[in-house]
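Worksheet: one structure, shown below.
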Protein chains: 2
Amino acid sequence: MTAHSPSARSRRERPAKPALTRDGIVDTAVALMRSEGLERVTMRRLAQELDTGPASLYVYVANTAELHAAVLDRLLGEVDLSPADATAPGDWRERLVRLLTSYVEVVFAHPALARAALVARPFGENYLGLVEAVLALLAEGGVPPRRASWGLDLLLQYATASAAEHSGRGQSPGAEDGWDALTRALLSASPARHPQIAALGSALLHGTGEERLAWGFQVLISGITAAPEPPTTPCTPPAPAS
Amino acid sequence: MTAHSPSARSRRERPAKPALTRDGIVDTAVALMRSEGLERVTMRRLAQELDTGPASLYVYVANTAELHAAVLDRLLGEVDLSPADATAPGDWRERLVRLLTSYVEVVFAHPALARAALVARPFGENYLGLVEAVLALLAEGGVPPRRASWGLDLLLQYATASAAEHSGRGQSPGAEDGWDALTRALLSASPARHPQIAALGSALLHGTGEERLAWGFQVLISGITAAPEPPTTPCTPPAPAS
DNA sequence: ACCTGAACACCGTTCAAGT
DNA sequence: ACCTGAACACCGTTCAAGT
C-alpha cells in the first residue's frame, strides 16, 4: 500500500523508477532547480522527485552543500569560454571581461547558488575549464604567474559575490525593503554625523548593476597588472600536522 | 501546567520575564550568537531564550534575514574606525587597509553572518559609520566622488566576501573536504586539457589568507585610483513604476 | 489592542532494520 | 551487500483565538 502499485507512473511519464546514480541525481537536481528554484532543491524534495527516501541520496552525495556544488558545476557548462581563444576578436582585457560577464550571467539566474559557491567552491570539470580560460587570458596579457594565481581568485570571487548579492533583490515584494531601507538611510544621513555620506548623497547610488560590474572588472584588471608582485611563500600549510 | 509555576526561574537567574523590545531581542540574539553560533540564532531558539513563542518575535522583527542584519550591525560596533582620523599615523592607503582589516577581523568570527550580509545589507548606525569612515579616507586620498562611491562598494564587498568564504573551512572535520578536493583537482590537472593550471601547479595555492587579503586591498585601491571615471547615469531606477 | 498557542508545511541527517 | 522506512531533532511563518 505504500507506493508499489504496478502501473504507478504517478509522476510525469517516467516509465519506471530508474536506478540511482550520482549523475542521475545531479541531473534531476538541475531540472528541479530550473523548474522550482534552488530553494526547492533539498534532499527530501529531490528524493521525492526520484521516488525514493532521502536516506538513499546519502549513498551518492555527502550532504546538501556538496549537492549544490555539483549543481553549480553543471550550470557552469553554459559559460561561454570562447573569448579565451587567442583567435577571438578584441584584446585580452576585453575578452577577459566578456568571459567573466558570461559567467556572471549564467550564475545570475540562480543567485542562491552563487551564495553557496562562495562557501563550498565547486571543483568539477566545468569549473576547471573556467579557471583554465581565465588563466589563459591573464597569461596572454603577460601577467606573471603569482599575480595571475591570486588575480584569478579576485576576479572569480568578485563575479560570484556580485551574482550572490542579487539574491532577495526583487524576489518577493517585501524583499526590496532591505535596499529601500539602505537607500533611505544613505539619503537621510545627517550632514553633522555623516558628512561624507551626506555630501555624496544620491551619487552613492548612481549607475546600473551592469555598469558597476563592468567598472569593477576594469578596476581589478588594472589593479592586478599594477599592484606589486605578491610575496613568495610556501604552499599554504593549513594544519602543522601535530 | 504549561509553564507558569510562580517560582519558575528555570533559565539562568533572570529575575522575571522582561518585556519584549526590538533592542532586547537583538541583544539576546547577539548573546546567543556568541555562545552558540549564528546557526542557532533562529526565531524559535531565540523565542525559547526569551521565554516566549516564536510568533511574538514577529511583532518586532520582520523575518530572519532582518534579524541577522540587525545582529551584524551590532557586531559592526566593534570595528576600529580610528584609522579614519586624519591624525592617525600612516598615509591614507595604509589607514584604509587597517580599517578594512579591522572590519574583516570582526566579521571573520562569524562567517555565516558575512554570508548573510552579502544578501541583506545592514543599514544601521554602525554600518553607516563604517561607510562614512571609508569615504573619508578615499576623499583624503583625492579619489573623486563617483569613483569613491563605486569603490566603496567594491572594497566592502571584497572584505565581506572574503570573510564569508571562510564558512565551513576548518569547521567540522569533514568540511575541509571541499578545499581538499579543490586542491587535488588543481594539482592533478592534466597538462593536455588544462595546460595553464598544470603549469602553475601549487603556485595557485601559494600564500596565506592574510597575505591574499592584503594584496587584494592593494589591487583594489590602486585600481580604484587608476581606472577610468565611472559613467554618469541618473540614480538607478529599479522599476519604471508601471 | 496586544500577544501567542498551536498548527502548517517543511528541513538535514542517521541508523536499525529490511531485502 | 545494498538500500531505505521511520525517527530524531529541528526549521520559518501564519492566524485564529485568547487575555
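Note on naming: letters A, B, ... go to the chains in the order of the sequence lines (proteins, then strands), and numbering restarts at 1 for each one.
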Check the distance between [N]'s [atom2] and [X]'s [atom1] and give it to me in whole angstrom.
| X | N | atom1 | atom2 | result |
| --- | --- | --- | --- | --- |
| L57(A) | dT4(D) | CG | C1' | 11 Å |
| L46(A) | dT13(C) | CG | P | 13 Å |
| E66(A) | dT13(C) | CD | C1' | 14 Å |
| L20(A) | dA1(D) | CG | P | 21 Å |

Nearest-0.5 Å distance that lies between atom [atom1] in [X] and atom [atom2] in [Y]:
| X | Y | atom1 | atom2 | result |
| --- | --- | --- | --- | --- |
| L130(A) | E125(A) | CG | CD | 12.0 Å |
| S188(B) | L128(A) | OG | CG | 8.0 Å |
| L156(A) | Y127(A) | CG | OH | 5.0 Å |

- Atom P, compared across dC8(C) and dA9(D): separation rounded to whole Å: 22 Å
- Taking the C1' atom of each, how far is dA6(C) from dC10(C), in whole Å? 16 Å
Under 3.5 Å donor-acceptor, [X] side chain and [Y] backbone:
| X | Y | value |
| --- | --- | --- |
| N126(B) | L76(B) | no |
| R212(B) | H206(B) | yes |
| E36(A) | V41(A) | no |
| S102(B) | D80(B) | yes |
| Q196(B) | A133(A) | no |

Any N/O pairs under 3.5 Å between the protein and nucleotides 9-12 of chain C? List them or say none.
from, atom 1, to, atom 2, distance (Å)
dC11(C), OP1, T42(A), OG1, 3.2
dC11(C), N4, R44(A), NH1, 3.4
dG12(C), OP1, M43(A), N, 3.2
dG12(C), OP2, M43(A), N, 3.2
dG12(C), OP2, R44(A), N, 3.3
dG12(C), N7, R44(A), NH1, 2.7
dG12(C), O6, R44(A), NH1, 2.4

- Task: Just jot down the ring-ring contact (aromatic ring centres under 6.0 Å, His included) partners of F217(B), sequence neighbours excluded, or say none.
- Result: Y158(B)
Complementary nucleotide for [N] - Watson-Crick or wobble, under 3.5 Å:
| N | value |
| --- | --- |
| dC3(C) | none |
| dA17(D) | none |
| dC11(C) | none |

Which atoms of nucleotides 15-19 of chain C (N or O only) lie under 3.5 Å from a protein N or O atom, and what are those distances?
none

